[in-house]
**Q** 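Questions regarding the structure given below will be posed in turn.
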Amino acid sequence: MTSLIPEGCPIVAVEDDRTGTSLETLKRAIMDNLFYLQARFPSVASRNDFYMALSYTVRDRLLQRWISTAETYLQQGSRTVCYFSAEFLLGPHLGNNLINLGIRQEVEEAVNELGLDIEELLNQEEEPGLGNGGLGRLAACYLDSMATLEIPSFGYGIRYEFGIFDQEIRDGWQVEVTDRWLRYGNPWEIPRPEVRMPVKFGGHTRSYTDSDGHYRVIWDAHHVVEGVAYDTPILGYRVNTANTLRLWRAEAVESFDFQAFNTGNYYGAVRDKITSENITKVLYPNDEPLQGKELRLSQQYFFSSSSLQDMIRIYLQHNPDLSKFHQKFTVQLNDTHPAISVAELMRLLVDDHHLDWNTAWNVTQHTFAYTNHTLLPEALEKWPIALFQYLLPRHLEIIFEINQRFLDQVRLHYPGQSDPLARLSIIDESGERYVRMANLACVGSYAINGVAALHTELLKATVLHDFYQLYPERFSNKTNGVTPRRWVVLSNPGLTGLISEQIGDGWIKDLDQLGQLEPLANDHHFRACWGKTKHDNKVALAEHIQAKTGIIVDPNSLFDIQVKRIHEYKRQHLNVLHIITLYQQIKDNPHLDITPRTFIFGGKAAPGYFTAKLMIKLITAVGDVVNRDPDVAGRLKVVFLPDYNVTFGQRVYPAADLSEQISTAGLEASGTGNMKFSMNGALTIGTLDGANVEIREEVGAENFFLFGLTTPEVQALGAKGYQPWDYIQSNPQLKRVLDLIASGHFSHGDTNLFQPLLSGLWNQDKYYLMADYQSYIDCQQQVSQAYQNREQWLAMSILNTARMGKFSSDRSIQDYCRDIWHVSPVIIKLNGGYQ
Ligand code: NBY
């Protein structure tokens, strides 16, 4: 690039008087930023002003790395991974960047000397909640690991103006409140108003033959929206790599609906402008697809198209030949939300860049890889043909063409058979016609993976069975992982210090090193330190609980925690049945000697998911009674902590004794909270589901509380005709628990309130709670006993942490790099600075 400024101008150096990390330089920088960026002097500055000033100070110190990383990738033309995801649930940046930069201590000192409190400033950050749950958080952990492993990569997604709603609890019910996370500004993003991509919607297509005799299609859109880039640096841990997360915001194009404007329909024109900017207004708060929402499909197409256009733009800067695009880029599709990319890349290559179909298909097919995150057949995304025709008419044509060529191949495999064809077809023709996004993703990808070993096996055997038959070589498993930087180092400084004292800090980048802790499980003194750390974390959580809910909990009680989205298949209500069982035992015998427990719940329900919201009401209602009943005498406490998010997760995992992972076997694809708990020394009570299976393998069966039906048992029971009332009628304890709820004991005498939940359990019990109840209760009894043996419990806790190496997202990313992406690290060198 040619410079706009003359030689000999001042250089911005890697570390200079502005960006050094000495105490004086840091203090000065914070005060400078407060004045020059926030326009405040200290006496009138708010806590947020100081948070912003500090964040800019930290950002300034990672900019050299970010710019050098971008420069290096550009110059070296490195093979690059693009992680396409509709959700990135990042959580707060400041604390994480301090740790990854390695300046947490220096900054804390500087902040102290300015008379401020670092914790208060950290708490000031509104976390970017641009995701629903596991899928979005996984994307965030993967960005951290890709940067730490120095993998050239981009995240591409949507800059939602409103992320996942804030949850309030009123009268025990969930109430949704808009998440205005951008209200006070976002110091971590850099808008790139010059990076903007036109994205077309609606209209129709026409074809013609050009002067060279080529058949061409033109898409005359109804309207165009622009994607504008907003970049956030993703810094690796103690490396120079700072990758980019590029999120797109929708902007109306300048001369929007000129005709309306000129005919005096000014308000009409402005209304349409607002409509197109709606695309990136709000994250859909469902963790299962909502069929047929036009705006949702618009979001998916909008970010897929903007991202692919951006990649082509970057590619063409150095290479005119798009037929080798897949050698430079690979795209990981985070579930089917970006699967429309398959058709869009074809359109860009064929219509806009005039590649012939076969060449374009070769590129496309070698570009994409697809990760599936769900087995629930009803959760597979599909879009009505009519909606597609209306919104993306050209893509529908392209999909038909892809499908026709694909089915021609399939016919060779299955001569004369129509059933496999009907199942494999990208178009569902069994009733109203739909585009099946998982089929599009499978046809258009060179690799397909599930997110835990069991999940991948089930994918191959069920929802993607036909594709597995056709393309077995495309399938592999990539068990999820979580980043130990955020989920141990940042959240649990006490444990981090204790571990590093013993084995050094190499484990932070190489989690298998935690194995060195194993012998210490037998060391009495180490156990005592381990126990103290846990206790301190529990005291801190207890204080938080009291501040947020007014409920006083005993840090000496067993902290039994279930935090995750509220869902019937995750079975928070099974946990409640256990609480009521204990409660009833106490009522029967108030002097019963039981292990005191604090049951902590957190999680959001999709706003339209009535049963999930009723489950929250049940938890809070049971809490209201149990927490106050004098017979209980504080031995059981039930807490529902509102607004579970990443920030709260960071408080909760370190304080857990017991992790509840109790989904119906075969339904939780992987789970990642299970890993975060275990890494922080919680023991798990769980079914053989998702990654629980592998966690149990790693930590040892003797260090894991297993209960419940296995997947084949669930399937067999379903096939035989499952009758929940058989289990209820033959189990007096279970029947009493259900009857107590039905009697209105937890609902001020209202016998109707929980009827929908109860009749669900009596009649179909889709998630087999009744079948698993007794096994769960018995297993919980073992937990209570084990907790009484403190030394033994501590040893088990240490072994859990020691054996969690596999579940670092660094391992997952290395697996992806080796087996799917074929990308290698690129070391970033900081040169002297930039002019
Ligand atoms: O992905 C979760 C799985 O349930 C969990 O087992 C797994 O560990 C995790 C990471 O692989 N899936 C998930 O979180 N899904 C969603 O959040 C989601 C969000 C939106 C939509 C569908 C699923 N949608 O269609 O809008």
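Throughout, numbering of the chain's residues begins at 1 and tracks the sequence. Whatever order the structure lists them in is the order used to number ligands and atoms, beginning at 1. These numbers come from the heavy atoms of this one structure, side chains and all, not from hydrogens, waters or symmetry mates.
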**Q** Considering only the protein, which heavy-atom contact is closest to atom 11 (O) of ligand 1, and what is its distance?
**A** His373 ND1, 2.6 Å
**Q** Going by ring-ring contact (aromatic ring centres under 6.0 Å, His included), Phe677 matches just one of Phe704, Phe807, Phe559, Tyr653. Which one?
**A** Tyr653
**Q** Output the list of atoms in ligand 1 that are nearer than 4.0 Å to some heavy atom of Tyr569, sorted by atom number.
**A** 4 (O)
**Q** Please could you name the atoms of ligand 1 that Gly134 approaches to less than 4.0 Å, counting only its heavy atoms?
**A** 1 (O), 9 (C), 10 (C), 14 (O)
**Q** Could you check whether Lys478 pairs with Asp815 (Lys NZ or Arg NE/NH1/NH2 to Asp/Glu carboxylate O, under 4.0 Å)?
**A** no
**Q** Report the part of Arg565 in contact with ligand 1, treating N, CA, C, O as backbone and CB onward as side chain, heavy atoms under 4.0 Å; options are side chain, backbone, both, neither.
**A** neither
**Q** Of the side chain and backbone of Asn480, name the one, both, or neither that has a heavy atom under 4.0 Å from an atom of ligand 1.
**A** side chain
**Q** Are Phe467 and Phe475, when compared by the centres of their aromatic rings, separated by less than 6.0 Å?
**A** no
**Q** Looking only at protein heavy atoms, which one is nearest to atom 20 (C) of ligand 1, and what is the separation?
**A** Asn286 O, 3.2 Å
**Q** Which of the atoms of ligand 1 are close to Ala669, meaning less than 4.0 Å from one of its heavy atoms?
**A** 6 (O)
**Q** Starting from atom 5 (C) of ligand 1, find the nearest protein heavy-atom neighbour and note its residue, name and distance.
**A** Glu668 OE1, 3.4 Å
**Q** Would Thr374 count as a contact residue for ligand 1, given that I'm defining contact as a non-hydrogen atom of the residue lying under 4.0 Å from a ligand atom?
**A** no
**Q** First locate atom CG of Asn334, then atom CZ of Phe88, and finally report the distance between them rounded to the nearest 0.5 Å.
**A** 7.5 Å
**Q** What's the verdict on ring pair (Phe, Tyr, Trp, His ring centres under 6.0 Å) for Trp821 and Tyr816, showing C-alpha distance, side-chain angles and the deciding distance?
**A** CA-CA 6 Å; Trp821 300 334; Tyr816 279 94; 5.0 Å; yes
**Q** Report yes if the distance between the aromatic ring centroids of His567 and Tyr767 is under 6.0 Å, otherwise no.
**A** no
**Q** Considering the heavy atoms of Pro289, write down every atom of ligand 1 situated less than 4.0 Å from one of them.
**A** 24 (N), 25 (O)
**Q** Identify the closest protein heavy atom to atom 22 (C) of ligand 1: which residue and atom is it, and at what distance?
**A** His337 NE2, 3.4 Å
**Q** Looking at side-chain heavy atoms only, is the closest gap between Tyr284 and Leu295 below 4.5 Å?
**A** yes
**Q** Pick whichever of Asn674, Leu667, Asp287 has a heavy atom sitting closest to atom 18 (C) of ligand 1.
**A** Asp287
**Q** Does Lys509 count as lying over the ring of Tyr237, i.e. NZ or CZ under 6.0 Å from the six-ring centre, within 45 degrees of the axis?
**A** no
**Q** How far apart are the closest heavy atoms of Lys570 and Ile662, and which atoms are they?
**A** O-CG1, 3.6 Å
**Q** Nearest protein heavy-atom contact for atom 15 (N) of ligand 1: which residue, which atom, what distance?
**A** Leu135 CB, 3.7 Å
**Q** Looking at ligand 1, is there an atom of it that comes within less than 4.0 Å of some heavy atom belonging to Arg296?
**A** yes
**Q** Will you find, in the side chains of Glu344 and His395, an N or O donor that is under 3.5 Å from an N or O acceptor?
**A** yes
**Q** Give a yes/no verdict on whether any heavy atom in Gly671 is under 4.0 Å from an atom of ligand 1.
**A** yes
